[in-house]
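As the structure lists them, so they are numbered: ligands from 1, and atoms in each ligand from 1.
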Amino acid sequence: MTARAQLILANRAFLDHEAPRWADSPSTASSGGLLAAVRPVIQPWDGREGTTWIGVGMGRFDREWVDARGYEILETPRGPLRHRRLFFGSATWQGHYGEVANSFTWPLFHLVRADLPRLTGYYPAPQPPSSAGWQSFVLVNRAFAEAACEEDGAQTCWVQDYQLALVPAMLRERGYRGRIGFFLHIPFPALDVVRPYLSPEVCARLRTIVEGMLGADLVGLQTPADVERFVAAASELCGAREADGGLEVGGRRVRVGAYPVGIDPEEVLTAARRGRVATRVRQARELGLPVVVGLERGDFTKGIPERLRAIAEAYRQGLRFAYIGIASPTREGVEAYDALDRQLERDAARAREAAYWVGCPFTQVRASVGWEDVVALQRDADVVFTSSLADGMNLVPLQAAVAQSLRPADERAVVLAGVDAGVTRVFGGDGQDGLVGVDPLRQESMVEGLIAALEGRPVRISDRLIHLVRERDARSWGERFLGDLEEAC
Ligand code: G6P
């Protein structure tokens with residue numbers, strides 16, 4: 001029998017209701033890396049058994065769809081899902097999500113190799129949360145732990161990501177009797193790199209976060225490098241001792257391992273078969289120009305300014321190509337994101353000017369684009385240019401590999417990815433399979449990578465890469481994690 005997660009706890013709900021009940025129009029599925037990886041793992045609810053998903057009610061019309069305790073049965077492509085939403089007031093949400101999760105933990109945890117605030121000028125320094133903000137974070141985590149404890153008989157609780165890092169320890173304190181798994185979708189930082197930000201107060205917060213994660217029976221991270229950094233931090237901050245396959249802490253064994261996430265290849269293929277060729281792609285083809293695309297959430301970890309500078313430099317060197325860059329709005333209202341927008345405008349203006357002098361079309365927009373259009377661009381690109389400064393995995397290269405499988409092997413794209421993104425570490429960025437690691441902190445590396453990709457010098461996306469991405473999909477990720485969690489208990 002395959003392992004099952006009876007309870008999935010994620011900050012994000014499975015989907016947000018953005019339409020009222022009477023409107024009879026389907027609610028848009030929320031997007032993002034966490035959901036792409038976790039959604040395929042659910043087991044249909046048969047009235048007695050299956051997955052119960054607990055997430056925050058963020059949709060405008062959520063309350064209309066749920067009962068007094070936040071429950072509903074959602075119809076999903078994978079069958080019915082028992083779903084519960086927890087609701088919080090705006091001050092609590094701002095403290096939990098705006099302050100602790102996204103102005104402190106997110107920027108801090110992405111400092112894996114270098115002090116990015118110092119090196120980039122726009123990457124925000126991790127902001128120590130106010131004590132009210134921290135209390136909100138504790139309150140939201142506690143609400144999740146309590147909701148999980150109300151689910152009598154659920155034998156496995158799988159807690160997702162940094163927003164809920166305190167939940168595993170809280171479950172243990174409350175005597176939760178099932179197995180507790182925790183998975184961190186983002187990187188775990190190197191203590192030596194984050195040390196300039198570790199005031200005694202910040203250090204205490206980080207220790208509490210790590211202790212929270214250590215409440216789990218199994219802590220999963222994306223890559224072996226993340227595991228190493230986590231083990232080192234748990235030893236230094238929490239006095240944990242390395243033990244076979246994990247850590248020993250407070251007389252307990254905590255298994256720790258690398259479980260790189262995957263995607264749902266069928267979902268990508270369906271969209272790739274349906275998606276129409278974008279007008280901008282058609283125009284570029286008419287001009288005989290290759291198409292370079294950059295698509296992601298407009299996040300300061302994605303290295304978008306560095307990419308725009310490399311693109312400007314390539315145009316200045318006389319290279320001719322069309323660029324389509326789309327940064328989708330994300331975490332709006334979180335202050336840490338403001339500086340990025342200003343930087344993007346400046347770098348996009350320079351790249352646009354350089355493109356103009358060589359007569360090439362250049363687009364960089366901030367827009368939410370529908371799933372089919374995103375996949376169509378990934379399918380039609382000649383170069384998929386990602387450049388994360390750090391990234392848990394980065395699903396764009398994986399989606400692009402599957403979308404491009406519809407093209408003949410000799411017409412496929414080359415995918416560029418940041419050397420510190422999980423995808424490069426896991427799938428190898430030496431170019432042999434059409435995935436090339438570039439260092440966003442070194443402009444020569446970015447420009448050389450782009451030029452080589454435009455010249456088709458590295459091998460294009462190979463059948464081998466496509467096969468690997470299909471094999472290590474989201475479902476097999478879930479099964480591996482849950483299988484190991486069963487074994488760990
Ligand atoms: C991305 C990251 C996930 C994170 C999610 C949160 O997808 O890869 O690790 O959980 O963002 O997104 P949100 O929109 O809820 O802030």
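Judged purely by distance below 3.5 Å, without hydrogens or angles, the side chains of Glu99 and Ser136 never pair a donor atom with an acceptor atom.
Taking every non-hydrogen atom of Leu34 and a distance limit under 4.0 Å, the qualifying atoms of ligand 1 come out as 7 (O), 10 (O). Short contacts between ligand 1 and Gly32, defined as distances under 4.0 Å to a heavy atom of the residue, involve ligand atoms 7 (O).
Regarding atom 8 (O) of ligand 1, its nearest protein heavy-atom neighbour is Gly33 CA, 4.2 Å. Given atom 15 (O) of ligand 1, the protein heavy atom at minimum distance is Arg12 NE, 2.7 Å.
Below 3.5 Å of separation, one finds an N or O of Arg331 facing an N or O of ligand 1. Annotation: His185 places no N or O atom under 3.5 Å from an N or O atom of ligand 1; distance criterion only. Considering backbone and side-chain N/O atoms, Asp161 comes within less than 3.5 Å of an N/O atom of ligand 1. Checked by distance only, ligand 1 and Tyr97 come closer than 3.5 Å through their nitrogen or oxygen atoms.
Ligand 1 is approached by Ile186 to a heavy-atom distance shorter than 4.0 Å.
Residue Asn141 holds its CG atom at 11.5 Å from OG1 of Thr208, rounded to the nearest 0.5 Å. In this structure, Leu166 CG and Glu211 CD are separated by 10.0 Å, a value rounded to the nearest 0.5 Å. Between the CD atom in Glu146 and the CD atom in Glu151 there is a gap of 13.0 Å [rounded to 0.5 Å].
Neither the backbone nor the side chain of Gln160 has any atom closer than 4.0 Å to an atom of ligand 1 (non-hydrogen atoms only).
Just one of Phe182, Phe183, Phe188 meets the ring-ring contact (aromatic ring centres under 6.0 Å, His included) condition when paired with His185; it is Phe183.
Cation-pi geometry between Arg21 and Trp65 is met: the NZ or CZ atom falls under 6.0 Å from the ring centre, inside 45° of the normal.
By the 6.0 Å contact criterion, CZ on Arg274 is open, its count of non-hydrogen atoms from other residues, nucleotides or ligands being 12 or less.
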